[in-house]
Amino acid sequence: MKILRKNLHFLIIVLLTIMMTSCEKDAGVGGNSAIKGNIHVTDYNASFVIIQGDYPGVDEDVYIIYGNDISYGDKLKAGPDGNFEFKYLRKGSYTIYVYSQDTSLSGKTVVSKKIEITGNKKTVDAGIFEIKKS
């Protein structure tokens, strides 16, 4: 009976440990934090030499990668002032990125920032993403 009682206590401890660790959530949606930022566009001529203007990144696509995922988990468009905000995020690591034109063969480059949300009910400012267009 004593052995059975010890085994039962051990089993309860193991089950509680498994339950508690399985409740930890990875980075992603389902929380009450947010990441906000802004996109600023500098418009160049076709050879990327002369600046023709600069303005907010209206309707630019903004992507978010949750934790260590290999592809984006969500995307949204920047507003009329170039601002964007990913809401309802949990504590964890994120990568925010946008595409910018350049002179490479593909014609595009990625502008990205790693962002860490360290607690609940936090809004983290990712700052300004400078992109180029021609």
Do the side chains of [Y] and [X] get nearer than 4.5 Å, heavy atoms only?
{"X": "Lys36", "Y": "Thr123", "answer": "yes"}
{"X": "Thr95", "Y": "Ile115", "answer": "no"}
{"X": "Leu89", "Y": "Ile35", "answer": "yes"}

query: Taking Ser33 for the side chain and Gly119 for the main chain, is one N or O donor matched with an acceptor at less than 3.5 Å?
result: yes

query: If only atom types and distance count, is the side chain of Asp81 paired as donor or acceptor with the main-chain N or O of Asn38 below 3.5 Å?
result: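 Checked: no pair found.
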
- prompt: Is Lys133 salt-bridged to Glu60, going by a charged N under 4.0 Å from an acidic O?
  reply: yes

field: Residues Asp61 and Lys77 bridged, charged N to O under 4.0 Å
entry: yes

How close do [X] and [Y] get, counting heavy atoms only, and between which atoms?
{"X": "Val49", "Y": "Asn45", "answer": "N-OD1, 2.9 Å"}
{"X": "Ser134", "Y": "Gln101", "answer": "N-OE1, 2.5 Å"}
{"X": "Asn32", "Y": "Lys121", "answer": "OD1-N, 2.9 Å"}
{"X": "Gly30", "Y": "Arg90", "answer": "C-CG, 3.9 Å"}
{"X": "Lys122", "Y": "Ile117", "answer": "CB-CG2, 4.4 Å"}
{"X": "Lys132", "Y": "Ser100", "answer": "N-OG, 2.8 Å"}

query: Do you reckon Val41 sits in the same ILVMFWY cluster as Val58, going by side-chain contacts under 4.5 Å, direct or chained?
result: no

message: Please determine whether residues Ile128 and Tyr94 belong to a single hydrophobic cluster, defined as Ile, Leu, Val, Met, Phe, Trp and Tyr linked transitively by side-chain heavy-atom distances below 4.5 Å.
response: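 No; tracing contacts between hydrophobic side chains, which count when under 4.5 Å, never links both residues.
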
statement: So OH of Tyr88 and CG of Asp74: to nearest 0.5 Å the spacing works out to 12.5 Å

- request: First locate atom CD1 of Ile64, then atom NZ of Lys75, and finally report the distance between them rounded to the nearest 0.5 Å.
  value: 14.5 Å

- line: Using a 4.5 Å side-chain heavy-atom cut-off and chaining through intermediate ILVMFWY residues, the residues clustered with Tyr99 come out as Tyr63, Ile65, Tyr72, Tyr97, Val110

Show me the side-chain donor-acceptor pairs of residues 50-57 shorter than 3.5 Å, one per line, residues at least two apart or across chains.
| unit_1 | atom_1 | unit_2 | atom_2 | d |
| --- | --- | --- | --- | --- |
| Gln52 | NE2 | Tyr44 | O | 3.4 |
| Asp54 | OD2 | His40 | NE2 | 3.1 |

field: Residues that Phe84 engages under ring pair (Phe, Tyr, Trp, His ring centres under 6.0 Å), provided they are two or more places apart
entry: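 Phe129.
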
